[in-house]
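Report on the following structure.
In what follows, chains carry the letters A, B, and so on, assigned in the order in which the sequence lines appear, proteins first and then strands, with residues in each chain numbered from 1.
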Amino acid sequence: MSEWTDLRRKVLEKEFNRMNDRQREAIFWTEGPLLVLAGAGSGKTTVLVNRIANLIRYGSAYHSEEADRLTAEDAANMRAYLAIGTELSPETQRDMAVSPCEPWQIMAITFTNKAAGELKKRLTDLLGESGGEIWASTFHSACARFLRQFGDRLGYTSRFTIYDTDDSKRLMKECQRTLRIEDKVLSHKTILNEISRAKDSLITPQAYLEAAGHDNRLVLIGQAYSLYQEKLKKADAMDFDDLISNTVHLFLECPDVLSYFQNKFRYILVDEYQDTNHAQYMLVKLLSQKSQNLCVVGDDDQSIYKFRGATIENILSFEKTFPRAHVVRLEQNYRSTQTILDAANAVIANNAERKGKTLWTENPKGDPISVYTAANELGEADYIAKQILDGVEKNRKFSDYAVLYRMNSQSSTLERIFVKSGIPYRMLGGLRFYERREIRDMIAYLSVINNPEDEIRLRRIINQPKRSIGDKTIAQAAEIAAGVGESLFEVIAHADEFEQLKRSAGKLQQFAALMQELMRASEALSPGDLYELLLERTNYQQYLRETEEETAQDRIENIQELASNIRQYEMDNGEEATLSGFLEEISLMTDVDNLDESVDAVVMMTMHSAKGLEYPCVFLPGFEEGIFPGMQAIYHPSDIEEERRLAYVAMTRAREELTIVNAEHRMIFGSTTRNKISRFCMEIPEELIDRHSEREWKKPEPGTVLPISNRETRSASVQAARHFGPAASTKPEKPKTAFLPGDTVHHKTFGDGMILSASPMGNDTLLEIAFERVGTKKLMANFARLQKV
DNA sequence: CCCTGGCCGCTTTTT
DNA sequence: GCGGCCAGGG
């Protein structure tokens, strides 16, 4: 090794001196395929960010002997940097670099918007403005970008609509009707699942039908698949899986497009590689075929999405697929205590199908794992609530706590107890913002304005608000549309020209005229202004007030929240803001993306959604055979390993305290069952555990809860928790502001009103208020955010 | 055309 | 235990 090379290496090592040896190995290994096996909490995002920074600043300098450009001045500069830490001059940095790359030559792919956003943020923090030129995005949004640009090669316009699962479901039901497939015989769920798997594996409808042979069931699914794709294309729409598979098809069918991107991207990095499916594997393989510079980061032990088509094979056989691949293992954990890691290691060691990795840490040993056995699910929730309140008394924050469960349905008991105990919480999952009916309706309006070919979303809104246009009429119009080869919207706009539609022609054309007016307006107005016009012209809010008894208030608030989302989008994108841009952004958005970390509240979510997150204290309720592992997994022993990986993921979310809870009896699907403690709990060495149970502790009034069965209480709390944070309204012991009959109050949406009655309900008060503008409403005092006037 | 009452069937779900 | 879905009556 020449003196120059040696000097340069030392400088680079110092540049990245905050990394450990293995991390630096991953950062400096720039050329050729690289597999980084990154255990939980091993700092993989940091490695990705620094690896990219190195590629841009120094290229492959670390492993290069090339030193021609280095001058004596550079050498002096480098020695000073090593000796006394003076800054490297930009000239020296440039001279040290060996074929560095431009930011736009790098593509970094993640699975979630959250991960992509964090990556982007850390890249711009480190690299400044130019960091923003890196393609850091999710698989889906990167593919949407490819397809907006080149989708015409596959027969799509650049304005295609992205269908979510609800749209897909409606479309499939449509197909089933046409093909006379009874949902009872073959459900839309089964078919869509099967289609999703087919797309993941890049199997076209034709190929599917060929492979189906004489298997009746498969032939039916194949026919449904075929029709479904036909209808999607006609509607200029793609579902989530299409985004990936169509991109791969585009690349395979148009070598010029592929070669354009192969030349553009010199380096490709993929995060969470263990969760990729076959189509995603093909995508990155194709893109990196020319450069061979593919770096994948993943952890086979954290593969928990097999049920959605992820193949752990991709990571297990990376070295076979890419024979020159270099492998780096990151096993040092910076997150959890040694005890938590020992427990997680012991559990995952029971899996046979793995690369084998043992996490270690320099962190202290920490407290033992708490295992608490409650009498039933109420005792379970009570215990968790008490532990949290105790912790908060000892200076913990609510936001230090996370409760991770196997199924969303486990959350309801916890919610009830949290509301009762005054614990603020935020919950992920369940009904998401963009899945609410009123939000979907408004988005459907915007989609149709953007793309009138979209029949599914057109059908959704044609009679919403009610316009006396029934299913029969719509079906008739759809039939005509199919017959004459026009879109449904065209037929409706010219309803009077068709004999069968004569009777409802007036209503249909009135609706079409409204939409056409909005379409014309959309050309001149910004998305936000268009949305306002839309609300005004459809009278949708008025409609909600008239038809929804209890939920009108929530729904109107949601509609207004959407308005502020659109305005926010406009602010973020300035001149570039377009309607289709906004629609794309929200169609690829999820709940986790909106998780506001600054709010001091306990977080509740499924173990699946918790991947990639970490909390000081974690509760894992429902560690019982039949719940976790679930029934399904117990019947199919091959699924047990995936459940165990999920347990591993869940346990390694905890930094300091981990509490596992099980209940001896539990109400499930309406009947009480008795479950054994989970095998995963038994796999933790006894010496790491501190056991308690409700029975031995003989707590006062175990499992007794105020019967808060009132639906409004619950939904109101969820509402408040989700959108506005807990509004600090549920701090324990906080005296409730008394609202009395006769008081005049102000509400954000409803304006001023007078309280008619106040009746205590659970821990809250139900108020009946006569508003000046909107009449009498019933609201819960804690969540309505009323102000005394 | 629209509302209501009874029946079924239930994991997880980054997009 | 709850919500989604269809059938039948208004």
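- Note that OH of A/Y305 is 6.0 Å distant from NZ of A/K611, once rounded to the nearest 0.5 Å.
- When the nucleotides B/dC1, B/dC2, C/dG1 are ranked by their closest atom to the side chain of A/N463, B/dC2 comes out on top.
- Other residues, nucleotides and ligands contribute more than 12 heavy atoms inside 6.0 Å of the CG atom of A/D572.
- Rounded to whole Å, atom P of B/dC2 lies 13 Å from atom NZ of A/K472.
- Summarising the geometry, the separation between CD on A/Q464 and C1' on B/dC1 is reported as 14 Å, rounded to the nearest angstrom.
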Stepwise, does the side chain to side chain contact (heavy atoms under 4.5 Å, CB included) test hold for A/Y648 with A/N351?
CA-CA 11 Å; A/Y648 177 77; A/N351 271 7; over 6 Å; no
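- Within 6.0 Å of NZ in A/K121 there are 12 or fewer heavy atoms belonging to other residues, nucleotides or ligands.
- Residue A/K169 is in sugar-phosphate contact alone, with no base atom involved, counting any heavy-atom pair closer than 4.0 Å across all strands shown.
- Using a 4.0 Å heavy-atom criterion, one finds that A/S671 contacts no nucleic acid atom at all.
- Classification of B/dT11 as syn follows from a glycosidic angle within 90° of 0.
- Mapping A/G470 and A/E642 onto DNA chain B by nearest heavy atom places A/G470 closer to the 5' end of the strand.
- Listed nucleotides C/dG1, B/dC2, B/dT12 differ in distance to A/F307; the shortest reach to its side chain belongs to B/dT12.
- Within the nucleic acid shown, A/Y305 comes within 4.0 Å of at least one base atom, counting heavy atoms only.
- Contact annotation for A/E643: base contact, defined as any heavy-atom pair under 4.0 Å involving a base atom.
- If you measure from atom CD of A/E377 to atom P of C/dG1, you get 10 Å, rounded to the nearest angstrom.
- Residue contacts for A/K173: at a heavy-atom cut-off of 4.0 Å it reaches the sugar-phosphate backbone alone, with no base atom in range.
- Dashed line: the shortest gap from a side-chain N or O of A/N193 to OP1 or OP2 of B/dT13 is not under 4.0 Å.
- Rounded to whole Å, atom C1' of B/dT11 lies 13 Å from atom CD1 of A/I304.
- Under 4.0 angstrom from either OP1 or OP2 of B/dC10 there lies no side-chain N or O belonging to A/N408.
- With rounding to whole Å, A/R177 atom CZ is found 12 Å from C/dC5 atom C1'.
- With the nearest nucleotide of DNA chain B identified for both A/K466 and A/G630, A/K466 has the one nearer the 5' end.
- Regarding contacts with the backbone of C/dC2, every side-chain N or O of A/S409 stays at 4.0 angstrom or more from both OP1 and OP2.
- Backbone-only contact: A/D471 has heavy atoms under 4.0 Å from sugar-phosphate atoms and none from a base.
- Looking at A/R406, its side chain has no donor and acceptor atom pair within 3.5 Å of the base of B/dT11.
- One can place CE of A/M667 at 4 Å from P of C/dG1, the figure rounded to the nearest angstrom.
- Counting any heavy atom pair closer than 4.0 Å across all strands shown, A/K611 reaches no nucleic acid atom.
- Taking atom CZ on A/F139 and atom C1' on B/dT13, their separation rounds to 17 Å, with Å as the unit.
- In this structure, A/S609 reaches the B/dT13 phosphate: one of its side-chain N or O atoms is under 4.0 Å from OP1 or OP2.
- Electrostatic pairing of A/D271 and A/K44 counts as a salt bridge here, judged by a charged N lying under 4.0 Å from a carboxylate O.
- When heavy atoms are screened at a 4.0 angstrom cut-off, A/D164 is found touching no nucleic acid atom at all.
- Among the protein residues, A/I244 comes within range of no part of the nucleic acid, since none of its heavy atoms lies under 4.0 Å from any strand.
- In this structure, NZ of A/K114 is placed 18 Å from C1' of B/dT13, rounded to the nearest angstrom.
- Contact between the side-chain N/O atoms of A/T606 and the OP1/OP2 oxygens of B/dT13 is found at a separation under 4.0 Å.
- Pairing each heavy atom of A/T46 with each of A/R122, the nearest pair is OG1-NH2, 2.8 Å.
- The side chain to side chain contact (heavy atoms under 4.5 Å, CB included) test with A/L404 is passed by exactly one of A/V649, A/L620, A/L613: A/L620.
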